[in-house]
Amino acid sequence: MNMNMNMNLKVKVKVLKRSRVRMALLAPAAALVLIPLSTGTANAYTPGWGSDKPDVIGDCNAGRPDLCRYHEVSTWNSPGNWHAASNVFANCHGTDNATYARAAAYETNTSYSYGTKTTLEVSAGFADQISMGMKASAESNETWTVGDKRTVTETLTNTVRPGYKGQYWFQPLVHHSQGWLEVHYGSRNHGHYHWYYPGKGSTGLRIDTPVAWGDGSLKGEMKWETWKC
């Protein structure tokens, strides 16, 4: 598909109000999976570690250790990937320009990974512990909230020429954090009380979180693209 961008709209995308649309609730990451693993078993979930080490990720998801503390080493913001934010508006057989005023929407959430490829599933309680280890923004007009799912929308108007299709796309601003996990057990686990994943002072854990303005609206860029039918 040969897509030609007609215009870019930089917008401040508003979070839908709780009273208007139920799907727009800023809810805890309830959909994230809680891994039911028992302490002291062979490693079954923590990537990069073998059976000679405990399953610290699964244990922290289940709330078993006395402490699961995230230590941030490096942090930065960058634009995320572009995502389709509306249906395709078609004017393939028309003879006049077609004007569309439609709500463009995008839903996003925090993601967790080991290295750059392996995705981690993190329970809501564990996400709260990770959040406490992340530094807040130094900018007064931006925030990030670990584990919150956001549905955002903005009503925009654009024109599709005869023989063309159009669609809205959204690119969120993403906050990246890299660091390591400190885990304390109440009794020896695989020979030790304390474990550091994937290593003390390392940057093996990565958390990617959407950035919002100080008033809670999502930061990013909305664009309109058209292409021939």
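Residues Val174 and Met134 do not share a hydrophobic cluster, defined by chaining ILVMFWY side chains whose heavy atoms lie under 4.5 Å apart. Linking ILVMFWY residues whenever their side-chain heavy atoms come closer than 4.5 Å, directly or via other members, places Met222 and Val160 in the same cluster.
For His71 and Glu182, the side-chain atoms include at least one donor-acceptor pair closer than 3.5 Å. In summary, the side chains of Glu72 and Ser177 do present a donor paired with an acceptor at a separation below 3.5 Å, with no hydrogens or angles considered. In this structure, a donor-acceptor pair under 3.5 Å is absent between the side chains of Thr75 and His176. Checked by atom type, the side-chain pair Tyr193/Asp66 shows no donor-acceptor distance below 3.5 Å.
In this structure the side chain of His83 reaches within 4.5 angstrom of the side chain of Pro172, judged on heavy atoms. At a threshold of 4.5 Å between non-hydrogen side-chain atoms, the residues Tyr112 and Leu205 do not count as touching. The side-chain heavy atoms of Tyr197 and Val56, taken from C-beta on, include a pair separated by under 4.5 Å. Side chains of Pro162 and Thr95 form no contact here, defined as non-hydrogen atoms less than 4.5 Å apart. Two residues are said to be in side-chain contact when any heavy atoms from C-beta on lie closer than 4.5 Å; Ile207 and Ile130 meet this criterion. Side-chain atoms of Leu181 and Cys60, non-hydrogen and from C-beta on, do get closer than 4.5 Å to each other.
With Gln171 contributing its side chain and Gly80 its backbone, the two residues share a donor-acceptor pair below 3.5 Å. Of the possible polar contacts, one joining the Thr46 side chain to the Ile57 backbone as a donor-acceptor pair under 3.5 Å is found. With hydrogens and angles disregarded, a donor-acceptor distance shorter than 3.5 Å links the side chain of Trp195 to the backbone of Asn189. Between the side chain of Arg188 and the main chain of Gly191, a donor-acceptor pair closer than 3.5 Å is present. Under a 3.5 Å cut-off, the side chain of Asn61 and the backbone N or O of Glu121 do form a donor-acceptor pair. Judged purely by atom type and a 3.5 angstrom limit, Ser131 has no side-chain atom pairing as donor or acceptor with the backbone of Asp128. A distance-only check finds a donor-acceptor pair linking the side chain of Gln167 to the backbone of Ser86 [under 3.5 Å].
Using a 30° and 60° split on the angle between ring planes, Tyr168 and Phe89 fall in the perpendicular class, above 60°. Relative ring orientation between His194 and His184 is described as parallel, the plane-to-plane angle staying below 30° on a 0-90° scale split at 30° and 60°.
Considering CG of Leu120 and OG of Ser111, their distance stands at 9.5 Å, rounded to 0.5 Å.
Hydrophobic cluster membership of Trp180, counting Ile, Leu, Val, Met, Phe, Trp and Tyr whose side-chain heavy atoms lie under 4.5 Å apart directly or via other members: Val73, Tyr196.
Minimum interatomic distance between Tyr185 and Pro54 (heavy atoms only, all atoms of both residues): OH-CB, 3.7 Å.
Between Glu225 and Lys223 there is a salt bridge, since a side-chain N of the basic residue sits under 4.0 Å from a carboxylate O of the acidic one.
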